[in-house]
Amino acid sequence: MKKHNFNAGPSILPREVIEKTAQAVLDFENDGLSILEISHRAKNFQPIVDEAVALFKELLNIPEGYSVLFLGGGASLQFCMLPFNLLEKKAAYLNTGVWAKKALKEAKAFGEVVEVASSADANYTFIPKGYSIPTDADYFHITTNNTIYGTELLEDITSPVPLIADMSSDIFSRPVDVSKYGMIYGGAQKNLAPAGVTFVIVKDELLGKVSRYIPTMLDYRTHIKEGSMFNTPPVLPIYAALQTLKWLKSQGGLVQVEKNNIAKATLLYNAIDNSKMFVGTANKEDRSRMNICFVMKPEFQHLEADFLKFATSKGMVGLKGHRSVGGFRASCYNALPIESVQALVDCMNEFETNN
Ligand SMILES: *Cc1c(COP(=O)(O)O)cnc(C)c1O
């Protein structure tokens with residue numbers, strides 16, 4: 001049966017990315033060796049990294065003065081690598097969910113941390129607004145898409161201090177004004193590649209300003225200087241990332257990808273809002289296009305397990321909501337076709353009619 005992959009991460013990738021990556025595992029560039037068994041310093045691997053960096057810059061329209069890095073350790077390592085490199089005295093954080101909170105916690109080991117606002121009391125169902133960012137902070141950290149709660153900050157906000165964004169789950173889902181950010185980072189496994197590679201886009205002039213010793217591996221300058229080749233990078237995930245970047249370009253770039261994402265999210269949110277049985281959990285104006293969270297209305301809550309079973313029988317995968325929210329989460333990343341969203345909507349309607 002055809003599967004509709006709503007997994008939150010690791011998650012769906014374009015079919016052609018999987019096929020090209022599988023081919024490279026069998027025989028990399030018809031060279032008689034698998035990509036799994038070549039040196040990262042092989043002559044035919046360097047162009048993979050170079051092209052991936054070039055496509056990052058092209059698709060996101062990254063201005064001069066920024067570096068693009070491919071590192072290991074996941075977004076979670078960036079939670080401490082960021083303050084290691086950029087926090088001298090004080091940093092500001094917006095607390096919009098568990099990931100934001102984990103980032104904030106790590107920063108506390110390096111200096112004063114100001115939580116400018118939090119939606120924790122409302123189980124992170126909205127993104128706080130109207131807060132003020134301390135102008136003496138070294139940076140202001142946000143999480144643009146809150147994967148677990150289905151909220152998303154779709155605006156490139158203006159910050160008086162360098163703006164740092166964890167874009168793990170919405171990178172490449174819309175055009176971004178990178179010039180408004182000091183740094184953007186994320187784990188690749190939501191919208192870009194299999195797990196194992198972490199991307200970092202950093203404004204070079206922000207580096208080298210803290211007084212502490214930074215271990216070599218944790219110093220962004222090390223990786224900038226060595227072109228992400230200081231040590232062995234995650235070769236296969238970088239190869240897959242390149243295939244996704246090419247796919248994004250072939251779709252018409254991020255303007256078109258955003259249109260597709262809006263169409264998918266609108267289709268599903270409309271179905272939720274018109275339903276007698278289901279209801280969305282996130283504040284409407286902060287709704288994520290990537291992770292669409294919904295529950296059953298109180299009078300139908302006893303049917304949640306039945307609906308999951310029904311959806312599974314129709315080929316739906318990964319719909320169970322995160323344990324801290326419950327209900328359902330349909331992750332609609334770039335690679336998810338609108339046909340899968342339509343199949344989910346049909347499934348919801350059918351279940352509602354039958355019950
Ligand atoms: C998944 C996720 C993370 C954690 O990423 P790892 O690569 O597993 O460390 C961090 N932030 C956000 C927003 C996420 O969705």
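Whatever order the structure lists them in is the order used to number ligands and atoms, beginning at 1.
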Going by the angle between their ring planes, with limits at 30° and 60°, are [X] and [Y] parallel, tilted or perpendicular?
X: Tyr131; Y: Phe140; result: tilted
X: Phe110; Y: Phe84; result: tilted
X: His141; Y: Phe79; result: perpendicular

In terms of atom number and element, which parts of ligand 1 are under 4.0 angstrom from non-hydrogen atoms of [X]?
X: Gln189; result: 5 (O), 6 (P), 7 (O), 8 (O)
X: Thr143; result: 13 (C)
X: Thr147; result: 13 (C), 14 (C), 15 (O)
X: Gly74; result: 7 (O), 9 (O)

Practice task
Could you please spell out the steps behind the ring-ring contact (aromatic ring centres under 6.0 Å, His included) verdict for Tyr139 and Tyr181?
Solution key: CA-CA 10 Å; Tyr139 61 82; Tyr181 297 83; over 10 Å; no

Handout entry: Heavy-atom gap Met167 to ligand 1 smaller than 4.0 Å
Key =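 Judged by the 4.0 Å heavy-atom criterion, Met167 does not count as contacting ligand 1.
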
Practice task
Look at ligand 1 and say whether Asn145 reaches it with a heavy atom at a distance under 4.0 Å.
Solution key: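 Asn145 counts as a contact of ligand 1 under the 4.0 Å cut-off.
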
Problem - Per atom 10 (C) of ligand 1, closest listed option by heavy atom (Asp166, Leu77, Ile148) - result: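 Shortest heavy-atom distance from atom 10 (C) of ligand 1: Asp166.
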
Problem - Selection from Ser76, Ala8, Gly72, Ala188 by shortest heavy-atom distance to atom 9 (O) of ligand 1 - result: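 Among Ser76, Ala8, Gly72, Ala188, the closest heavy atom to atom 9 (O) of ligand 1 belongs to Ser76.
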
Practice task
Any chance you could lay out the side chain to side chain donor-acceptor pair (under 3.5 Å) test for Tyr220 and Asp204, step after step, and finish with the verdict?
Solution key: CA-CA 9 Å; Tyr220 292 120; Asp204 302 323; over 6 Å; no

Exercise for the section: Give me the one residue out of Thr151, Thr125, Asp286 that meets side-chain hydrogen bond (donor to acceptor under 3.5 Å, both in side chains) with Asn146. Expected result: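 In the set Thr151, Thr125, Asp286, the residue that makes a side-chain hydrogen bond (donor to acceptor under 3.5 Å, both in side chains) with Asn146 is Thr151.
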
Problem - Ala75-ligand 1 polar pair, N/O distance under 3.5 Å - result: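 In this structure, Ala75 places an N or O atom under 3.5 Å from an N or O of ligand 1.
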
Problem - Lys/Arg N to Asp/Glu carboxylate O, Lys43 vs Asp31, below 4.0 Å - result: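 Asp31 and Lys43: not salt-bridged.
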
Exercise for the section: Measure Lys190 to ligand 1 on non-hydrogen atoms and call it side chain, backbone, both or neither using the 4.0 Å cut-off. Expected result: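 For Lys190, the contact with ligand 1 is made by the side chain alone.
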
